Trainee: 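Here it is: the structure, laid out below.
Each chain gets a letter, A, B and so on, in the order the sequences are listed, and its residues count up from 1. It should be emphasised that the depicted structure is a prediction, and the values quoted were computed from it without experimental measurement. The basis for the numbers below is simple: all heavy atoms, side chains too, and nothing from hydrogens, waters or symmetry mates.
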Protein chains: 2
Amino acid sequence: MTLKELADRLGLSPTTVSRALNGYPEVNAETRARIEIAARDYGYRANTMARKLATGRSMAIGHVIPLSNHQMINPIFAEFMAGASEIYSSEGYETLLAAVPAANEVQTYRELARRRSVDGLIVHAPRLNDPRVDLLRELELPFVVHGRSVDIEDRPVFLDTNNRRSFEQATTYLIELGHTRFALLNGMETISFARRRRRGFEQALQNNGLRSDASRMVDMEMTETNAYDVTMKWLNEPKPPTAILTSSTISALGVARAIRDAGLQIGDDVSLITHDDDLSFMRNVGDPPPFTALQSPIRDAGAKCARMLIDHIAGKKVSSEIWKCEFIEGRSTGPAPKETPA
Amino acid sequence: MTLKELADRLGLSPTTVSRALNGYPEVNAETRARIEIAARDYGYRANTMARKLATGRSMAIGHVIPLSNHQMINPIFAEFMAGASEIYSSEGYETLLAAVPAANEVQTYRELARRRSVDGLIVHAPRLNDPRVDLLRELELPFVVHGRSVDIEDRPVFLDTNNRRSFEQATTYLIELGHTRFALLNGMETISFARRRRRGFEQALQNNGLRSDASRMVDMEMTETNAYDVTMKWLNEPKPPTAILTSSTISALGVARAIRDAGLQIGDDVSLITHDDDLSFMRNVGDPPPFTALQSPIRDAGAKCARMLIDHIAGKKVSSEIWKCEFIEGRSTGPAPKETPA
DNA sequence: GCATATTGCCAAAACGCTTTGAGAGGGAGC
DNA sequence: GCTCCCTCTCAAAGCGTTTTGGCAATATGC
């Protein structure tokens, strides 16, 4: 069923039918109703391609995921996508996913632009001085950044959490519990949020006259296994940390497993605070929940970014947002253990 | 830069330029070379929409994810997507994602078909007598099923793992270790793979004169938290299970946490075997790895399904495949503990 | 040397929609 | 009754490709 066929059956011109269905004002209410009913009855839907070609809008939002060397797929990203994609659908947009080898990332953006495949993009996990920002500006594609590139002047529209402040706050909380030997299990510091978290961590230590130990600050892909290995190594060192901060619940599980395998008690021998993206398959719930955490639902962030981008594309003025993490006291923290004289 | 512009600059017709760039034979090698160089220099790319409209092919593959009531996003799905999407990209296809409320699922398929937005689809997590199979046949859209609908005669093309046999094998392994009190922590049994796993589990028990206990077989969304809660409950019952099988590493982590929180030792007091989709952020590695597992890399499955679908669309004959899980002995299993006379 | 293939190119017609510009019909204003 | 202005509708021209059908020019077969 094409527009023309539908028009023929109604004894109207394609023009009128098109206008009626697209909500243009210059069509009689009665005619419109008749057209709408017919369209529904015949199950007519405009052919996406034809519409896109005619309007010049693709009605699609792109998400480019670079598959890193490590070939790690980020479940956090998946949760973000779920939030975003739901909004796209409800607003009539399609979600275009491009999982490409990291080396092809820039090329992929260029292609998307040249072929006009998408109306806009979300930039994930911005790095320092992220080249994608300039690239997308050059390509004149609307975009919203999830995260912040502090170093970029004339900042693009972004949504971020207050990573620095959160980690400073969490660290201070642990300091007040008497802890003095800290460790930070961070995400990859090529990505700006990780840097900001470290800065918050270091700031809190410094504010309280404590020194950060480079060997106790690790940045890595946030896998359970990585976290386990690193924590195990730390715990086997002399003067192991009694307080660990980590960047995701996934790593937190690895840390927790290591602590237990080392024969220690979480929240007792070793305290742990994690950033918690509130992943649907890994909810930090209970009364109190297992982890003391800095929570910021990534899914909501996805939905919000989607809305911001859609508004941005529509030419509306959108302003960036910085969300606060919620601090949740759980069972993974407690007073620093008494020093056992070696 | 449009095709016409490019043709004008070259002093050729759009026809010839199009043919040259699309590899048709009826163009002089010399001319073709000239065209290709010019296209590269000017950075010409065919407009996706125009091409789609002209060819009638959307060069996109759709994945519809129903967002359930529980609003759980499946990280396993994300890993599958990564595998699939990479293949699509490399074959010139785009990946279309539609995350919609479960209630809109059928409607979404219908819309995708009517608007001709995709050339084919992957059906995820088939249920018993899954209505999507008939629907997609009716809509005449090519598709590949990830999983099996045993009940459907004239089965569609599918890729599955031998879930029944694997779970039978794993259960038998535990029986041979002397275990007699079992529990199964399954995925949602509305989905066919979960049923098959249970059948394998029950079969093994029956083969060895053991009875399955309905209260020790639970199906649920595979979250860490769910797994923790259920396991905790079991462990607090009289005659708790000494052997637990679970459907994903995520639930396995929950089980493990519960076992430890109950003051028990994994592989010692309680044995655990998990199905392992080999998620990139949760690799079951080590020597031996922490979990005894039935491993089947979901990412490879995604890539394979993608290839099957692309071949299917191209009209090639593709046959379904059933993959075997690899049995990996890890540290989470051991001989049944001696019965302590209560 | 003539008829017949083959090669290399082009003009024009799709593809199915939106949008522009125009025009018929009817009501209002004088 | 005439003009003017709405309201509603339409024909036609895009949008940027691919594809069909054809036509010169050259090569091939006898």
Trainee: So which nucleotide from C/dC15, D/dC8, D/dT19 ends up closest to the side chain of B/Ala54?
Mentor: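 Within the option list, the nearest is C/dC15.
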Trainee: Can you check the A/Arg51 CZ to D/dT17 C1' distance for me, whole Å?
Mentor: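 It works out to 20 Å between those atoms.
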Trainee: Under 4.0 Å from OP1 or OP2 of D/dT7: is there any side-chain N or O of A/Asn28 that close?
Mentor: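 So the side chain of A/Asn28 is outside the cut-off, no N or O lying under 4.0 Å from OP1 or OP2 of D/dT7.
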Trainee: Under a plain distance cut-off of 3.5 Å, with no hydrogens placed, do B/Ser13 and B/Thr16 share a side-chain donor-acceptor pair?
Mentor: yes
Trainee: Side chain to side chain donor-acceptor pair (under 3.5 Å), that's the test. Do B/Tyr93 and B/Arg57 meet it? Break it down for me.
Mentor: CA-CA 10 Å; B/Tyr93 279 86; B/Arg57 305 183 55 193; 2.8 Å; yes
Trainee: Using whole Å, report how far CZ of A/Arg19 lies from P of C/dC17.
Mentor: 16 Å
Trainee: Can you check whether B/Pro14's main-chain N or O pairs, donor with acceptor, with B/Ser18's side chain at less than 3.5 Å?
Mentor: no
Trainee: Would you mind reading off the distance between A/Leu3 atom CG and C/dG16 atom P, rounded to a whole angstrom?
Mentor: 11 Å
Trainee: Using OP1 and OP2 only, check whether a side-chain N or O of B/Tyr44 sits under 4.0 Å from D/dT17.
Mentor: yes
Trainee: Check A/Phe143 against A/Leu309 and note the closest heavy-atom contact, atom names and distance.
Mentor: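 Minimum heavy-atom contact is CA-CD1, 3.8 Å.
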Trainee: With the side chain of A/Val27 defined as its heavy atoms from C-beta on, choose the nearest nucleotide among D/dT9, D/dT17, C/dC10.
Mentor: D/dT9
Trainee: Once you round it to whole Å, what is the distance between P of D/dT19 and CG of B/Leu53?
Mentor: 12 Å
Trainee: Could you tell me whether A/Thr2 contacts a base, only the sugar-phosphate backbone, or nothing, with contacts defined as non-hydrogen atoms closer than 4.0 Å?
Mentor: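 Touches sugar-phosphate only.
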Trainee: Starting at CZ of B/Arg115 and ending at C1' of C/dC17, how long is that distance when rounded to a whole Å?
Mentor: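 That distance rounds to 13 Å.
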Trainee: Do B/Arg299's NZ or CZ and the ring of B/Phe80 fall within the cation-pi criteria of under 6.0 Å and 45°?
Mentor: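 No cation-pi geometry.
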Trainee: Any side-chain N or O of B/Asn47 less than 4.0 Å from the OP1 or OP2 oxygen of D/dC15?
Mentor: no
Trainee: Between B/Leu12 and A/Ala50, which has a closest nucleotide on DNA chain C that is more 5'?
Mentor: B/Leu12
Trainee: What about B/Ser18: does its side chain form a donor-acceptor pair under 3.5 Å with the base of D/dT19?
Mentor: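 Answer no: no donor N or O sits under 3.5 Å from an acceptor.
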Trainee: Quick one: is A/Thr15 getting a side-chain N or O under 4.0 Å of the D/dC10 phosphate, OP1 or OP2?
Mentor: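 It does not, given that no N or O in the side chain of A/Thr15 lies less than 4.0 Å from OP1 or OP2 of D/dC10.
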Trainee: Starting from the first five and the last five pairs of the helix from C/dG1-D/dC30 to C/dC30-D/dG1, work out the angle between the resulting helix axes, to 10 degrees.
Mentor: 40°
Trainee: Within the pair A/Thr55 and D/dC15, is there a side-chain N or O less than 4.0 Å away from OP1 or OP2?
Mentor: no
Trainee: Only one of A/Lys304, A/Lys317, A/Lys316 passes salt bridge (charged side-chain N to carboxylate O under 4.0 Å, His left out) with A/Asp311; say which it is.
Mentor: A/Lys316
Trainee: Rounded to whole Å, how long is the line connecting atom OH of B/Tyr24 with atom P of C/dG8?
Mentor: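 For the pair B/Tyr24 OH and C/dG8 P, the rounded distance is 17 Å.
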Trainee: Between B/Thr16 and C/dG8, is there a contact of a side-chain N or O with OP1 or OP2 at under 4.0 Å?
Mentor: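 No.
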Trainee: Using distance alone, with no hydrogens and no angle criterion, decide if A/Arg110 and A/Asn104 have a side-chain donor and acceptor under 3.5 Å apart.
Mentor: no
Trainee: Please state how far atom CD in B/Glu26 lies from atom P in D/dC23, giving the value in whole angstrom units.
Mentor: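 Value for this atom pair: 17 Å.
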